[in-house]
Structures are given as C-alpha cells and as structure tokens.
Amino acid sequence: MLRCCNKHFFRLALIFVKFWLRMDSKLDNVAKTIDDIVKQLNGTTLHTQLKRAAQHEGEKSSVQLSSLKSDVIQSLKLSGWEKLLRNEVFRKMHSVQNTLDQAIPFECQKEPLMYMRKAQANWERRILKSMNSMCTELSIPLSRKRPADEQRDLLHKWNEMGTDEPDLSHFRPVYAPKDFLEVITSIRNPNYCSLTGSEIDDRSLNFESHWGLIQVSLQVPSLAELREIFAEFSLSNAHVGLDDSPDFPSDMFQNERNKLAKRVIDEKRSPIAQYFCRRGCPSGFRADLWQIALGVTVGHLDVLKYEQMKGYVLQHDLLVDSLIYKDVKLTSVNDDYYFVFEDYLYQVLLIFSRDTSVLELFSRSSATPPKSYIRGKLGLEEFAVVYPPNGVIPFHGFSMYVTPLCYLYSEPVRLYYVFREFYVRFFHRLHVISSHPQGIVTLCLLFESLLQSFHPTLFRHLQDIGCQPLKIAFKWLVRAFSGYLSTDQLLLLWDRILGFNNLLLLPVLAVAIFLFRQTNLLLVTNVAGVEASLSDLSTLQVIPLLQSVLFHS
C-alpha cells in the first residue's frame, strides 16, 4: 500500500491544485491557466510540503486503498493545507500571463505595442549608460568581493548600519522621477493620425481634445467605469479612516470592524483578507491582514533564504549598494516620519538587490533586466550576468516604497517579504514604460483626462501660467504618495490599493488634491505659487478626497 501511495503522491498534489483552481479561477482560458500555475507550483516549498503531508496521511492505517485519493484530499483539507494552497494559488493568479497563445512572440506578450517596447528599451540603455559613466568617472567596479575583515565589520554593524557614514559625495542617483517624466512625455505612436468625420468616436474625441503632456492614445476608464470598479467607496458605506475618526459620535463601527478583522485573520484566506482591505484595516490588525492578503508566509526556509541573501551582501560590494545608501540619505533620513528606520531600510534594500526571485516579474513586464559582462568578455552572451542580481536599478526615491511598511513590521524578515510582494505586485509598474492598464503611462493619462474633465478652467489656467499639472503630480504617482501624505493616511490609501488590487486610485487621488486646492490654485500666477500651494499634503484626509471625485457630482 505504501508503494501505491508513493506512486500517487505527486499526482495527488497536482490534482489538489487543479481542484481549487477551478473553484477560484475566473479567467477565460481556465485549463491553460491551471496548467501554467501548476507548473509554477511544481518544485516549490509548498509542493514539497504537500507531498510530505500527503504521504503522512496515506500511511495512516485508517486509509483504504480503494478510497486513497479522496481520503487523503479530505485529510489535507481538514489539517489546514487547503487554506495554504488556496492562498498560494490566489497569489500566483496575480502574476499569470493574460496572453497564453504560443504563436505570439514572447516580447509581444510582455508588451503588445512596439513603440512602447522601443521606448522602454531606449530608457534602459540610458540608465545603463548613466551607471557605466559613473563607474568610469569614479574608477570603481560594478561589483567586488569584500575582504574578510570588511565582511566581519559589516556583519558586526549589520543592525546599526545607519551609524556608518561612507563617502557618498561623488555618487549621484542614476535617475530621478523628473527624468523619467521627460521620457514618458516624449513618447509618440508613429502609427497614430487624427480622425475626422464619422471615424471619430467618444474615446478618440476625448483624446483629440486632450491638453496634457501625455501624447499617446491609450484607453483609460471613464468616471462611470471608475465608479463601478471602486463601488465600495460609495457614500453609503462606512470606512476606516472616516467613520472611526475621533469626531464620529459612536465607536460602534470601529468595534465591529475590529471584530471582523479578527475573524478574517483567524480564517487566513487571502481573497477574504484582500476584500476586507477595501474599506480599510484597523491599525492594530493591518500588518497581519496585509500579509494574508498578499499571500506572504514566512517559514523556516524563508528565513534561511533571507540569511543566504544576507551572506551575499556580506561577500560582495555592488555599485547599487552605494546608490541605495545615497537614496536613503537623501529621502528617508530627511523625512520626519521615517528617519528612525534607517537601519531597516539598508537591510531590506541591500538584500532585495540580491534576490533573484524578483526576476520572475520580467516575464510579464515590458522591462528587461540589465546585464553586465565578465571583464574581457564584452558582447559574449554566455559571459553575461544580470546586474544587479534582482534586475532592478534603484532610482531617487526608491527607498520610499519600503519606509511606510516599517511602521507595521518590526521583524526584518517579515518586513522584507511583505515589501517584496508589494513591489512585484504593484510598485514595479510605476517606473516601467508600458501600455498596461495600471502602468505609469496610463496613470498619467488618466490623471490628465480626469482633471481636464472635472475642471477644464483650472487645467487651462495652470497651463497658461506655465505649469503642467502632471509635472506636479508625477512625483506623487511614481512614489505612490509615499513621503507626501502623513503615514496614517498613506496606509489607508495602500489598504485600498491592496484591497482593489488596483493602482488607478493614485491618479484619482491626485485629481482630488488639485480640486481640493482649486481656490488657491486659481489665484496664483506662477509655477512657484502652484508648487507652494501643493507642497504640504500632510493634513489631507484620503478617503473623503477619493469619495469627492468618485461619487460627488
């Protein structure tokens, strides 16, 4: 019987995956999606654990050979493996390719528009040129092995890296958001031509009258579509961050929300936790709710992987390490909310730069990981290596993706894995050129379209005084408002981004801020006045602002 069980263990795990995928999947090509996700799960830690658990259940004397499969599956459900598998499948479904036709070239599956692919490729070459120029100017290598005494020193001060003051005066950020904006606004569709007569429909008419900086015609949702997507923001629904404020006469909503949060955490189901986030998370439960919603588990193997990547940091010094140090010093350390987390930021970001699992996102992104060549082997692909190992070159403000999470997670390992999942699921889209419905180009176009639609007078006034609204809002969008909103309000915003699995809230909020400050903005007569009016967002309340755009006529 044991031999029979062993024969079916691998098949049992796959059948279990397929069973729950059919329950959860809402994609059109279900069969192909199931096979794709099963292949991704094959060989993972969870797969190994499932096989071991199935073997343990199959060896029990109470299991009959005639009902082996059903008995083992039922036992796995009762012992909690169902939830773990469901959560992992749910997480994988966020990264599955939408285009599965093998006849379509791989690069077209990643990004269907050729001019977007070319723009991204040109941008990547520009970044690499900037980094290589820095190496040449400073006469430093991209990577070097640390001497043994330096490794020991770094290990000794690992938890106090903020006390170290390396000379960073000669280093500069590879690029800043304003450089990225210049590239985005220069993108043109070579096949686009103005439509006339009967060829003009509502969407093309809207773009024909577009006054903004973004000059590519991408489909963006209308206000009606946004209201449908974010229906939970309806004024009839209660929200954390609004109905639990000190001014609210009753704490009934807060108590009920806390009770429900406890039940969701006990249930440990990612889809339920994600949906719960749509109306906000109570501050005391946010860390656990986000971790469940993101499908992040931190087992002993994850801790070992973290320690292994820490070892890579100790062994080799990379140029990007100095870029990370420089960015933390220029941004987070100068922020009154986040300077206390300097040590955590170094730990998380240095380890992130060595995490090769991040490379998986490039299979569904228009970006390509940068490569370097072994000395003397330039141009020979067999001697090319991805640099940095995770394929992500940090820019000015990159560390701000991590800083808000430091308020939630005091354990560096847990903080790291939550940040990594946030980045892979959301933040990488904010600094990559693509036509993705939640890519930065679409977000910018949606911002300009909404602001022009809501208040054309304000939009035109700002242009007349030489201020393009997007030049102000872009820095908010590319950093997901981190460093601009107060921390409590930023976490409320990120609750909703996670809950709706959608970055479209970023341009909606940016529009709401312009409308909220419209009285002052209409009075200013120069760019400096506009920047002064919008320089401090720390007093703003996120939820009322979002509701004002989505559901106030």
Side-chain angles (χ1 to χ4, degrees), residues 131-132 134-174 298-333 339-359 369-377 383-394 398-399 401-403 406 409-420 423:
M131 192 163 63
N132 289 330
M134 195 184 312
C135 287
T136 303
E137 292 172 9
L138 302 179
S139 299
I140 57 175
L142 290 173
S143 174
R144 70 174 180 88
K145 185 175 178 60
R146 299 184 195 271
D149 57 342
E150 186 177 333
Q151 293 186 35
R152 288 192 297 270
D153 289 344
L154 182 57
L155 177 61
H156 179 70
K157 63 184 179 184
W158 180 256
N159 294 317
E160 299 177 350
M161 282 189 285
T163 60
D164 186 26
E165 292 290 342
D167 182 13
L168 303 172
S169 58
H170 299 293
F171 290 91
R172 63 180 183 274
V174 176
V298 182
H300 70 281
L301 291 179
D302 301 296
V303 175
L304 289 175
K305 177 65 175 177
Y306 178 89
E307 291 297 326
Q308 182 184 44
M309 292 185 291
K310 176 181 174 181
Y312 296 155
V313 176
L314 298 175
Q315 293 166 15
H316 289 87
D317 179 25
L318 307 182
L319 171 64
V320 294
D321 295 350
S322 297
L323 298 179
I324 289 170
Y325 274 100
K326 184 78 171 184
D327 185 55
V328 172
K329 294 292 185 184
L330 291 176
T331 57
S332 305
V333 173
F339 71 94
V340 295
F341 301 120
E342 184 178 2
D343 297 329
Y344 277 180
L345 295 176
Y346 292 138
Q347 294 175 25
V348 169
L349 291 170
L350 290 175
I351 288 178
F352 179 70
S353 67
R354 273 75 170 178
D355 194 340
T356 56
S357 68
V358 179
L359 294 172
K371 292 183 179 181
S372 180
Y373 294 88
I374 296 175
R375 188 184 300 274
K377 305 294 183 180
F383 295 100
V385 294
V386 173
Y387 182 89
N390 68 345
V392 181
I393 297 176
F398 188 86
S399 62
Y401 291 149
V402 188
T403 47
C406 295
Y409 304 100
S410 57
E411 310 94 331
V413 178
R414 194 177 175 203
L415 168 64
Y416 173 75
Y417 284 108
V418 171
F419 159 68
R420 188 184 70 178
Y423 178 81

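Values below: all heavy atoms of this structure, side chains included; hydrogens, waters and symmetry mates excluded.
- Rounding to the nearest 0.5 angstrom, the gap separating the OG1 atom in T403 from the CZ atom in F419 is 10.0 Å.
- The structure places CD1 of I351 at 11.0 Å from CZ of R420, a figure rounded to the nearest 0.5 Å.
- Residues P173 and L330 approach most closely at CG-CD1, 4.2 Å, considering heavy atoms.
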Could you walk me through whether F171 and L138 pass the side-chain contact (heavy atoms from CB on, under 4.5 Å) check? CA-CA 8 Å; F171 290 91; L138 302 179; 3.8 Å; yes

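- For the pair R172 and L323, the tightest heavy-atom approach, listed with the atom from each and the gap, is O-CD2, 3.5 Å.
- Among all heavy-atom pairs drawn from C406 and L345, the shortest one is SG-CD2, 4.0 Å.
- Counting only N and O atoms by type, the side chains of T331 and S399 include a donor and acceptor under 3.5 Å apart.
- Of all heavy-atom pairs between P394 and I324, the closest is CG-CG1, 4.1 Å.
- Considering only residues two or more places apart in sequence or on other chains, L314 meets the side chain to side chain contact (heavy atoms under 4.5 Å, CB included) condition with L154, L155, W158.
- At distances below 3.5 Å, at least one donor-acceptor pair connects side-chain atoms of D302 with backbone N or O atoms of G299.
- Note that CG of L318 is 5.5 Å distant from OG of S353, once rounded to the nearest 0.5 Å.
- Applying the side chain to side chain donor-acceptor pair (under 3.5 Å) rule to D153 yields no partners; only residues at least two apart in sequence or on another chain are considered.
- Note that the CE atom of M309 and the CG atom of L304 stand 11.0 Å from one another [nearest 0.5 Å].
- Look at D343 and K157 and you find no salt bridge, because none of the NZ, NE, NH1 or NH2 atoms lies under 4.0 Å from a carboxylate O.
- With sequence neighbours excluded, no residue forms a side chain to side chain donor-acceptor pair (under 3.5 Å) with Y387.
- Side-chain contact check for E411 versus V298: every heavy-atom pair is 4.5 Å or farther apart.
- Taking NE2 of H156 as the start and CD of Q151 as the end, the distance is 15.5 Å to the nearest 0.5 Å.
- In this structure, Y312 contributes its side chain and D355 its backbone to no donor-acceptor pair below 3.5 Å.
- Once rounded to the nearest 0.5 Å, the distance linking OH of Y416 with CD of Q347 reads 13.0 Å.
- For CD of E307, the number of neighbouring non-hydrogen atoms (other residues, nucleotides, ligands) closer than 6.0 Å is greater than 12.
- Taking all atoms of both residues into account, the shortest heavy-atom contact from P370 to P388 is CG-CD, 4.4 Å.
- In terms of the ring pair (Phe, Tyr, Trp, His ring centres under 6.0 Å) criterion, residue partners of Y423 (sequence neighbours excluded) are, by chain and number, F352, F398, H431.
- Residues passing the side chain to side chain donor-acceptor pair (under 3.5 Å) test with Y417, sequence neighbours excluded: none.
- Listed by chain and residue number, R144, R146 satisfy the side chain to side chain donor-acceptor pair (under 3.5 Å) test with E150 (two or more places apart in sequence, or in another chain).
- Minimum heavy-atom separation, L142 to S372: CD1-OG, 3.3 Å.
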Test side-chain contact (heavy atoms from CB on, under 4.5 Å) on Q315 and R354; report intermediate values, then the result. CA-CA 11 Å; Q315 293 166 15; R354 273 75 170 178; over 6 Å; no

